[in-house]
Amino acid sequence: MNKERVLALLRGDGFTVFAYFLSLIIASALLPVLGTKIALVQEGLLALLMVLLFLLHRDTLWTKLSGKLVIKSVLYGLLAVIIELVLIIITVLITKVSIQSHNTSAVFSMIKGFPVFALYTVVIAPVVEELGFRQSFFNLCQFINWRIIKSSSKRARIFKWIISAFVTAIIFASLHADIEVWEYVLISLFLQWLLHYYKDIRVCMIAHGIFNLSTLLLLLTL
C-alpha cells in the first residue's frame, strides 16, 4: 500500500474511529456530573459525529440505494432478531438460566425517561456504529493484517478477513457493557458478512436499525 493510500485510510477510517472513541470518552468523563442526563449528551455528540461522518464518507453514502436492496436490508434485520431469539431460547432450555441483556434493559430505561433517546437507538447508533466498526475499524484491522501477513493467496485473504472480523466483533461487543457478549459478537459478524457480500455499508445500517427497532418493540409488548 503506497503512502497516498495510507494517508487516505488514516484521514477517512482513522478519523472515524478516533472521533467515535473520543465521543465515548467525553461522555464517560461527564457521567459523574450529569448522571442520567448523560444519555442526551451522548446522543447529541454522536448525532454531531453522524453528520460529520456523512460528509466524510459522502462518496459512498450519498449514492442512490435501490429499493430492492432496502427491502433486503430490512429483512436481514428481522432475520437477525429471529436468529437471536432462537439462540436465546435454546440457551435458556439448555442452561435453565434466564438471559437478560443489561445493555438492552439500560437503553429501554433511558428511552422511558427520555423518549427522544429512541432516535439514538434506531437511527444514530446504527449509522455511527456501522461506519465506526464494520467499515472503519475493520479496514484498519485489515491494514494491520496486510502489513503483518504479506501473502495474497485466497487462503491468506480469508484468514485475514476472519481475524479482522472477530477483532472488530469483540471490541464492538465489549463496548456494550453486557454480560451476554456472545450476542453482540454474533450480530457484529453477521453485519460484517453483509458488508462483505453487498459492499455497501448502508445495508448494514438499515439492518442494524431494524434490529434495534424490533428489539424495542418486543420489549414494549412484554
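All values reported here derive from a predicted model rather than from experimental measurement. If you read the sequence from its start, that first residue is 1, and numbering goes on from there.
Rounding to the nearest 0.5 Å gives a distance of 5.5 Å between CG of Leu191 and SG of Cys204. Taking CD1 of Ile158 as the start and CD1 of Ile162 as the end, the distance is 7.0 Å to the nearest 0.5 Å. If you take CG on Leu175 and CD1 on Ile170, they are separated by 12.0 Å, rounding to the nearest 0.5 Å. Once rounded to the nearest 0.5 Å, the distance linking CD1 of Ile187 with OG1 of Thr215 reads 7.0 Å. Here the straight-line distance linking atom CG of Leu61 with atom CG of Leu56 works out to 9.0 Å at 0.5 Å rounding. Interatomic distance, Leu189 CG to Phe172 CZ, rounded to the nearest 0.5 Å: 10.5 Å.
Closest of all the heavy-atom pairs between Ser151 and Lys160 is O-NZ, 2.6 Å. Of all the heavy atoms in Met205 and Pro126, the pair that sits closest is O-CB, 3.6 Å.
Only one option out of Trp161, Phe133, Phe143 pairs with Phe138 in a side-chain contact (heavy atoms from CB on, under 4.5 Å); it is Trp161.
Between the side chain of Ser188 and the main chain of Val185, no donor-acceptor pair closer than 3.5 Å is present.
In terms of hydrophobic clustering, with Ile, Leu, Val, Met, Phe, Trp and Tyr side chains grouped at heavy-atom distances under 4.5 Å, Leu22 and Leu52 are assigned to different clusters. Hydrophobic clustering keeps Ile171 apart from Ile25 (ILVMFWY residues linked when any side-chain heavy atoms are closer than 4.5 Å, directly or through intermediates). Under a hydrophobic-cluster definition in which Ile, Leu, Val, Met, Phe, Trp and Tyr are linked whenever side-chain heavy atoms come within less than 4.5 Å, directly or via other members, Leu48 and Val123 are assigned to different clusters. Under a hydrophobic clustering in which Ile, Leu, Val, Met, Phe, Trp and Tyr are joined whenever their side-chain heavy atoms come within less than 4.5 Å, directly or via other members, Ile124 and Leu24 fall into the same cluster.
In this view, Ser152 and Trp146 satisfy the side-chain contact (heavy atoms from CB on, under 4.5 Å) rule, not counting sequence neighbours. Checked against side-chain contact (heavy atoms from CB on, under 4.5 Å), Ser23 has the following partners two or more places apart in sequence or in another chain: Leu45, Leu46, Leu49. Ser136 pairs by the side-chain hydrogen bond (donor to acceptor under 3.5 Å, both in side chains) definition with Asp13, not counting sequence neighbours. Remark: Glu130 engages Arg134 in a salt bridge (Lys or Arg N to Asp or Glu O under 4.0 Å) (not counting sequence neighbours). Looking at residues two or more places apart in sequence or on another chain, you find no side-chain contact (heavy atoms from CB on, under 4.5 Å) involving Lys150. Shown here are the side-chain contact (heavy atoms from CB on, under 4.5 Å) partners of Leu213, two or more places apart in sequence or in another chain: Val122, Leu217. For Phe137, there are no ring-ring contact (aromatic ring centres under 6.0 Å, His included) partners at least two apart in sequence or on another chain. Residues satisfying the side-chain hydrogen bond (donor to acceptor under 3.5 Å, both in side chains) test with Thr121, not counting sequence neighbours, are none.
The side-chain hydrogen bond (donor to acceptor under 3.5 Å, both in side chains) contacts involving residues 44-66 comprise Thr16-His57, His57-Gln135, Thr63-Arg202, where partners must be two or more places apart or lie in separate chains.
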Steps toward side-chain contact (heavy atoms from CB on, under 4.5 Å) verdict (Phe159, Asn145): CA-CA 9 Å; Phe159 176 75; Asn145 279 335; over 6 Å; no

Worked check of side-chain contact (heavy atoms from CB on, under 4.5 Å) between Asn212 and Leu216: CA-CA 6 Å; Asn212 286 358; Leu216 289 179; 5.6 Å; no

side-chain contact (heavy atoms from CB on, under 4.5 Å) assessment of Glu129 paired with Tyr20: CA-CA 8 Å; Glu129 289 180 353; Tyr20 176 77; 3.9 Å; yes

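Side-chain contact check for Leu53 versus Met50: every heavy-atom pair is 4.5 Å or farther apart. At a threshold of 4.5 Å between non-hydrogen side-chain atoms, the residues Val203 and Tyr197 do not count as touching.
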Name each donor-acceptor pair under 3.5 Å that joins a side chain in residues 67-89 to protein atoms two or more places apart or in another chain, with its distance.
unit_1: Ser73; atom_1: OG; unit_2: Leu69; atom_2: O; d: 2.7
unit_1: Tyr76; atom_1: OH; unit_2: Tyr198; atom_2: OH; d: 2.8

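Atom NZ of Lys154 has 12 or fewer neighbouring heavy atoms from other residues, nucleotides or ligands inside a 6.0 Å radius.
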